[in-house]
Asker: 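I'd like to ask some things about the structure below.
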Amino acid sequence: MSRLFLGASHAANYAKFRPKYNAKLADRIVQYCRQRGANFDLAIDVGCGSGQSTRLFQDHYKKIVGFDVSDEQLKQARLLSMKSSTISYEKGNATRFPVQSDVADLISCAQAYHWLDHDKFHQECERVLRTRGCVAVYGYGNCELDNAEAQKILSHFYSYTVGRFWDERRRHVDALYREFSLPFGNYTRDDSLSLKMELNLDDFIGYVSTWSAYVKFQETYPDDNHAILQRLYADLAKIYHDESSKVYVNFPLFLLLSSKQ
Ligand SMILES: C[S@@+](CC[C@H](N)C(=O)[O-])C[C@H]1O[C@@H](n2cnc3c(N)ncnc32)[C@H](O)[C@@H]1O
């Protein structure tokens, strides 16, 4: 197993190994915004992390601002968006967006809504959205592997090896945000999309290393020194044994859409 990612910061691994959102998702959100009569001047990405979710909109909006509470994540986001003249990043908390009132045509929040104070987030959306502006909350659920034996090994790692290190809010992701809705107009959800990836085993293990439960496990048991990940790698390598073997991964996407009347 490549040990490269084991020395890198969590944010650097996040930027490198987390799934990238695809054009179909951007198109679906843009289609909704068009139907609602929104403009395409400014998009705000809340909890932007390393900017995967911010760069998604670069072909659609004149200006995009991503913000996050984490300096480390923002550092990665800026590095990866250096060439873009339309994207900028700010430090900020979702309890008070770092932008003026009545300016945004889209507010997006990817894989972060379950971490937020929802009442405050909704109040801030009301304040910052222009009339007919839209909110898109989305994310991806647990990944599905094409090989049943590999899926069993991964599920065991998820639920038992690092199981008790998941924050209790993770259950919302497991449930694909089914218990959430958005309190603005024209609320709808779309569960028809997914992210499909073909990874080599090293990169797949790199992705698992970004799980918050895995990071917490290592913080709690530093002496483990990534041994549990080495074991997972060894178990999966019995299935994906040669270098050219690909791990086919499907992430179900969930998308919640709503607009200001
Ligand atoms: C799982 S990451 C998602 C990052 C990115 N949106 C993506 O889709 O890959 C969640 C992000 O939410 C940020 N976050 C958590 N609570 C926040 C808050 N109250 N305000 C702003 N950002 C927050 C974290 O720092 C983290 O970068």
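These numbers come from the heavy atoms of this one structure, side chains and all, not from hydrogens, waters or symmetry mates. For ligands, and for the atoms within them, numbers begin at 1 and follow the listed sequence. Small disclaimer: the values here were computed from a predicted structure and weren't measured.
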Asker: Once you restrict both partners to nitrogen or oxygen, which atoms of ligand 1 have a protein partner under 3.5 Å, and how far apart are they?
Answerer:
residue: ligand 1; atom: 6 (N); partner: Gly47; partner atom: O; Å: 2.8
residue: ligand 1; atom: 6 (N); partner: Ser53; partner atom: OG; Å: 2.9
residue: ligand 1; atom: 6 (N); partner: Ala110; partner atom: O; Å: 2.9
residue: ligand 1; atom: 8 (O); partner: Tyr21; partner atom: OH; Å: 2.5
residue: ligand 1; atom: 8 (O); partner: Ala110; partner atom: O; Å: 3.3
residue: ligand 1; atom: 9 (O); partner: Tyr14; partner atom: OH; Å: 3.4
residue: ligand 1; atom: 19 (N); partner: Asn93; partner atom: OD1; Å: 3.1
residue: ligand 1; atom: 20 (N); partner: Ala94; partner atom: N; Å: 2.9
residue: ligand 1; atom: 25 (O); partner: Asp68; partner atom: OD1; Å: 2.6
residue: ligand 1; atom: 27 (O); partner: Asp68; partner atom: OD1; Å: 3.3
residue: ligand 1; atom: 27 (O); partner: Asp68; partner atom: OD2; Å: 2.7

Asker: Please enumerate all residues that pass salt bridge (Lys or Arg N to Asp or Glu O under 4.0 Å) together with Arg34, with sequence neighbours excluded.
Answerer: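 None.
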
Asker: Indicate yes or no: does Arg127 engage Glu124 in a salt bridge with an N to O separation below 4.0 Å.
Answerer: yes

Asker: Quick one: pull up CZ in Phe254 and CG in Leu193 and give me the separation to the nearest 0.5 Å.
Answerer: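 CG of Leu193 is found 12.0 Å from CZ of Phe254.
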
Asker: Under 4.5 Å between side-chain heavy atoms, hopping through other hydrophobics if needed: is there a path connecting Ile44 to Tyr113?
Answerer: yes

Asker: Let me know which of His172, Arg189, His114 forms a side-chain hydrogen bond (donor to acceptor under 3.5 Å, both in side chains) with Tyr177.
Answerer: His114

Asker: Check whether the ring centres of Tyr158 and Trp211 lie less than 6.0 Å apart, and answer yes or no.
Answerer: yes

